Amino acid sequence: MNLFSCVLFVYTCFYFVTAGQAVFYRLCFGQVFLKIPATSFLVIRKLADPLLELKLKIVYFGGLITGVALCVMSITQQSMYQIASMSSMLFFVTDLVFAKKYSMPLNEKIRLATLNDHATAVSLQKAWIRWILIRGNLALIGFAVILLAVVIS
């Protein structure tokens, strides 16, 4: 296995984790989080966020680093890999920008929210679900692009 193939494999693995998270929310938990009371949603997010935060940072930074390396390395490869790596990186970076601009501030608000303020809890619940589904769509499209390139080549 050459270096390009190794980087492609690692990048695809990082992308798989982000896309898997998207599938998880798309298939089930997006709807579950909409149906449970907002205060229960806040409790779950307050418990889950600290457990996931470091792990997801590793996945996102790892994906970003290997994605950039893949884009640079794809310059010497077939045009299919050039297009796929650049396109999937565009989706990955867009997801990261949305995470930084919307999801992370929402997570901070969720951490600080009190369970007594029902209106705020409902607002945070709906906003979080909306952004996780938008970001999930980006992850799924980007993963499909890179996976298609791997399968076709």
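Model, not experiment: these values are computed from the prediction.
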key: Atom CZ of Phe4: over 12 foreign heavy atoms under 6.0 Å   =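 Atom CZ in Phe4 is crowded, with more than 12 foreign heavy atoms closer than 6.0 Å.
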
Out of curiosity, does [Y] fall in the hydrophobic cluster containing [X] (side-chain heavy atoms, cut-off under 4.5 Å, transitive links)?
X     : Y      : result
Tyr25 : Val43  : yes
Val10 : Leu147 : no
Phe24 : Val32  : yes
Val23 : Phe143 : no

Considering only residues two or more places apart or on different chains, which pairs with a residue in [range] satisfy salt bridge (Lys or Arg N to Asp or Glu O under 4.0 Å)?
range          : answer
residues 24-47 : Arg45-Asp49
residues 76-91 : none
residues 85-98 : Asp95-Arg135

Can you list everything that forms a side-chain contact (heavy atoms from CB on, under 4.5 Å) with [X]? Sequence neighbours excluded, please.
X     : answer
Leu56 : Gln21, Leu52, Tyr60
Leu3  : Val7, Met73
Leu54 : Ile58
Val93 : Leu64, Met89, Val97

Once rounded to the nearest 0.5 Å, what's the spacing between atom [atom1] of [X] and atom [atom2] of [Y]?
X     : Y      : atom1 : atom2 : result
Leu70 : Ile75  : CG    : CD1   : 10.5 Å
Leu34 : Phe29  : CG    : CZ    : 12.5 Å
Leu90 : Ile141 : CG    : CD1   : 10.5 Å
Phe61 : Phe14  : CZ    : CZ    : 12.0 Å
Ile44 : Leu47  : CD1   : CG    : 8.0 Å
Leu96 : Lys101 : CG    : NZ    : 14.5 Å

Could I get the full list of side-chain hydrogen bond (donor to acceptor under 3.5 Å, both in side chains) partners for [X], not counting sequence neighbours?
X     : answer
Asn2  : Ser5
Gln82 : none
Thr66 : none
Tyr11 : Ser88

Quiz: residues 123-134 side-chain donor-acceptor pairs under 3.5 angstrom, not counting sequence neighbours:
unit_1 : atom_1 : unit_2 : atom_2 : d
Gln125 : NE2    : Phe33  : O      : 2.3
Gln125 : NE2    : Ile36  : O      : 3.1
Trp128 : NE1    : Asn107 : OD1    : 3.1

From Val145, Val68, Thr18, Ile146, residue fulfilling side chain to side chain contact (heavy atoms under 4.5 Å, CB included) relative to Phe92 =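 Between Phe92 and the candidates, side chain to side chain contact (heavy atoms under 4.5 Å, CB included) is satisfied uniquely by Thr18.
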
request  = Walk me through it: do Ile110 and Phe41 pass the test side chain to side chain contact (heavy atoms under 4.5 Å, CB included)?
outcome  = CA-CA 9 Å; Ile110 288 168; Phe41 167 79; 3.9 Å; yes

inquiry  = I'd like to know if the side chain of Ser87 reaches the main chain of Ala84, judged simply by a donor and an acceptor atom lying under 3.5 Å from each other, with no hydrogens or angles considered.
reply    =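 Absent.
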
Write down the atom of [X], the atom of [Y], and the distance for their closest heavy-atom approach.
X     : Y      : value
Cys71 : Ser85  : SG-O, 3.4 Å
Phe98 : Leu138 : CD1-CD1, 3.7 Å
Leu42 : Ala121 : CD1-CB, 3.4 Å

